[in-house]
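Remember, it's a predicted structure, so these values are computed and weren't measured experimentally. Lettering of chains follows the sequences in order, A, B, ..., and the numbering in each one begins at 1.
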Number of protein chains: 2
Amino acid sequence: MKIGELAARTGASVRSIRHYEEEGLLRAERGPNRYRDFGEPAVERVQRIRVLLRNGFTIDEIRSVAVDLDDTNLGSVCADVVRLYVAKLAELDARIAEMRALQRRIRGRLGEIERQRTAT
Amino acid sequence: MKIGELAARTGASVRSIRHYEEEGLLRAERGPNRYRDFGEPAVERVQRIRVLLRNGFTIDEIRSVAVDLDDTNLGSVCADVVRLYVAKLAELDARIAEMRALQRRIRGRLGEIERQRTAT
DNA sequence: GTAAACCCTCACGCCGGTGGCAGAGTCAAG
DNA sequence: CTTGACTCTGCCACCGGCGTGAGGGTTTAC
């Protein structure tokens, strides 16, 4: 499929997809007209890349776990990848805890505002 | 306190703190020697700014809820602030759910790697 | 056969910093 | 009274993950 279709099906912008390819996270065939041609698995691959990006992985880190982006090729990861995963799990724990605390603060604040609005 | 101490106590860089002040998130007295002079509450204020930044608020948004950064001055927020808070709560919900799903995926992957390592 | 829609590359801009540098003032200790 | 650590303003440049636009080629639909 061409880049526009991949963009539409993943929610990523065309620009982002080109960026992922430039950065080596994604591979594309090229026809005689230099257009990128992506296979079906690229859809899930892009979605997974975006989930990782939203949650604290950098492009470089994603490249290092690239083998895990497809469901083929399971196995054959090095100790570095394992260490990265373990570190990211801890990071995610911390971020989740922080977000929860922030939610509590905001909810508390909204409650106060509501009480103030009602109590007059 | 002077900017260096505030930086040390909050973990923010001196540069960042100047940036927050320029952006109007933070106020500082100035002595006769143009040095910034922060009060004790600035410590918590900077920490709160950083929590918000890490969790999806932009500088502009933080400025708009600036009145809520201190524990004084509660009350007198406009409807825009309430809308922002409500939207951010939903965003945080989504982000937390996604992070949990990602954790599950990573844990699953780590489990597979472990099984593979053990089963040979 | 032409207009719209798509694709290409190149290259600059944004945000929330972070760093560095210059040139200068200030403060505390020896 | 000097030395070193700190502070000030102002500027320029970098990062990542894109957005945006220029200037061009290709494909598709009428």
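With A:Y85 as the partner, the side-chain contact (heavy atoms from CB on, under 4.5 Å) test is satisfied by one option alone out of A:L89, A:V81, A:V82: A:V81.
Contacts of residues 24-42 of chain A with DNA chain C (heavy atom under 4.0 Å): A:R30, A:R34, A:Y35, A:R36.
Taking atom CD1 of residue A:I3 and atom P of nucleotide D:dT26, one finds them 17 Å apart after rounding to whole Å. Note: CD1 (A:I49) to C1' (D:dG17) measures 13 Å, nearest angstrom. For the pair A:E22 CD and C:dA11 C1', the interatomic distance rounds to 11 Å; values are reported in whole Å. Across the protein-nucleic acid pair, A:E5 atom CD and C:dC6 atom C1' stand 13 Å apart, rounded to whole Å. Whole-Å rounding puts the B:N55 CG to C:dG16 P distance at 14 Å. Rounded to an integer number of Å, the gap from B:E21 CD to D:dT7 P is 14 Å. In this structure, A:R18 atom CZ and D:dC18 atom P are separated by 14 Å, rounded to whole Å. Taking atom CE on B:M1 and atom P on D:dC6, their separation rounds to 16 Å, with Å as the unit.
Contact between the side-chain N/O atoms of A:Y20 and the OP1/OP2 oxygens of D:dC18 is found at a separation under 4.0 Å. Remark: B:S13 is in phosphate contact with C:dT18, judged by side-chain N or O atoms under 4.0 Å from OP1 or OP2. Phosphate proximity of D:dC11 to B:R15: absent, as no side-chain N or O sits under 4.0 Å from OP1 or OP2. A:T58 has no side-chain polar atom (N or O) that falls below the 4.0 Å cut-off from OP1 or OP2 of D:dG17. Put simply, A:S16 has a side-chain N or O that comes within less than 4.0 Å of OP1 or OP2 on D:dC18.
Look at B:R115 and B:E112 and you find no salt bridge, because none of the NZ, NE, NH1 or NH2 atoms lies under 4.0 Å from a carboxylate O. A salt bridge links B:E21 with B:R30: the distance from a Lys NZ or Arg NE/NH1/NH2 to an Asp or Glu carboxylate oxygen falls below 4.0 Å. Taking a cutoff of 4.0 Å between a charged side-chain nitrogen and a carboxylate oxygen, B:E40 and B:R9 qualify as a salt bridge. Under a 4.0 Å N-O distance rule, the pair B:E114/B:R117 qualifies as a salt bridge.
In the hydrophobic cluster analysis, where Ile, Leu, Val, Met, Phe, Trp and Tyr join through side-chain heavy atoms closer than 4.5 angstrom, A:Y35 is grouped apart from A:V14.
Residue contacts for A:R50: at a heavy-atom cut-off of 4.0 Å it reaches the sugar-phosphate backbone alone, with no base atom in range.
Toward the 5' end of DNA chain C, the nearer of the two residues B:H19 and B:K2, judged by each one's closest nucleotide, is B:H19.
A 4.5 Å side-chain heavy-atom check between A:T10 and A:I49 finds every atom pair outside the cut-off.
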